[in-house]
Amino acid sequence: MQYTVLEADFFNRPTLKVARELLGKHLVCKDIKGEVRVARIVELESYDGFEDQASHAHRGQTPRNAVMFGPAGVWYVYLCYGVHWMLNIVTGPKDYPAAILIRGLEGVVGPGRLTRAYGIDKRFDCKPALPQSSLWLEDRGEPVPESGFERTPRIGVDYAGPVWARKPYRFVIK
DNA sequence: TAAGTGATCTCT
DNA sequence: GAGATCACTTAA
């Protein structure tokens, strides 16, 4: 099986579809010493469009979230609670704000933990998810079957109101 | 269960 | 400029 780097056309599709397919794909990170680390993605959340009250884009474009309005296949990294870096991949067409938060990898569960484990921070914000950025995504050919994952409401978004807080936009491998 | 932590956003 | 808010984690 040949490894395939996921490029912009993979991400430039409906966010929920991308999220579903991104489960079981691999995050690849080349650290400062040139060492490569790879881990399978086991947990994701999608944030989709202007109407999604849980999304940063709901209140309109700001300097921080501007990258969500740009073309797909670009990293969106921001600091949460003054402590944790959150790693997202932008999806959907230009001018449509959407992104997928990578919440957990095999062996590293928790969005703040995985960025700390991989040394991911603001450096990657607004960079394309390609090998030249030292952080990218690969299809390594282990598709997740329909029975292999579940969808649940997103975590930590109670402020978004009952409708949006309960959307089953979180995908987890069982 | 509560507090730490600091960038970001929304008012003045 | 000041104040509130936060897509979380950890230690109890």
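A quick note: this is a predicted structure, and the numbers were derived from the prediction, not measured. Atoms considered below: every heavy atom in the structure, side chains included; atoms not considered: hydrogens, waters and symmetry mates. Letters go in sequence order (proteins before strands), and every chain restarts at 1.
Side-chain contact between A/F171 and A/I100 is absent, with no heavy atoms from C-beta onward closer than 4.5 Å.
Comparing B/dT5, B/dA7, C/dA7 by their nearest atom to the side chain of A/V83 picks out B/dT5. Of the candidates B/dC9, C/dA7, C/dT9, B/dC9 carries the atom nearest the A/T62 side chain, counting heavy atoms from C-beta on. Comparing C/dC8, C/dT10, C/dA7 by their nearest atom to the side chain of A/R113 picks out C/dT10.
Heavy-atom distances to DNA chain B give each of A/K122 and A/Y81 a nearest nucleotide, and the one nearer the 5′ end belongs to A/Y81.
Using the Watson-Crick or G-U wobble rule with both distances under 3.5 Å, C/dA11 pairs with B/dT1. Figure legend. B/dC11 is base-paired to C/dG1; pairs are counted as Watson-Crick or G-U wobble with both atom distances under 3.5 Å.
Regarding contacts with the backbone of B/dT10, every side-chain N or O of A/R59 stays at 4.0 angstrom or more from both OP1 and OP2.
A/H56 contributes a side-chain N or O that forms a donor-acceptor pair with the base of C/dA7 under 3.5 Å.
Residues A/Y3 and A/H26 bring no donor and acceptor atom of their side chains to less than 3.5 Å of each other.
Summarising the geometry, the separation between CD1 on A/I102 and P on C/dA7 is reported as 17 Å, rounded to the nearest angstrom. Distance A/R154 CZ to C/dC8 P: 11 Å, rounded to the nearest Å.
Contacts of A/R116 with the nucleic acid, taken as non-hydrogen atoms under 4.0 Å apart, involve only primed sugar atoms and P, OP1 or OP2. Residue A/R64 is in sugar-phosphate contact alone, with no base atom involved, counting any heavy-atom pair closer than 4.0 Å across all strands shown.
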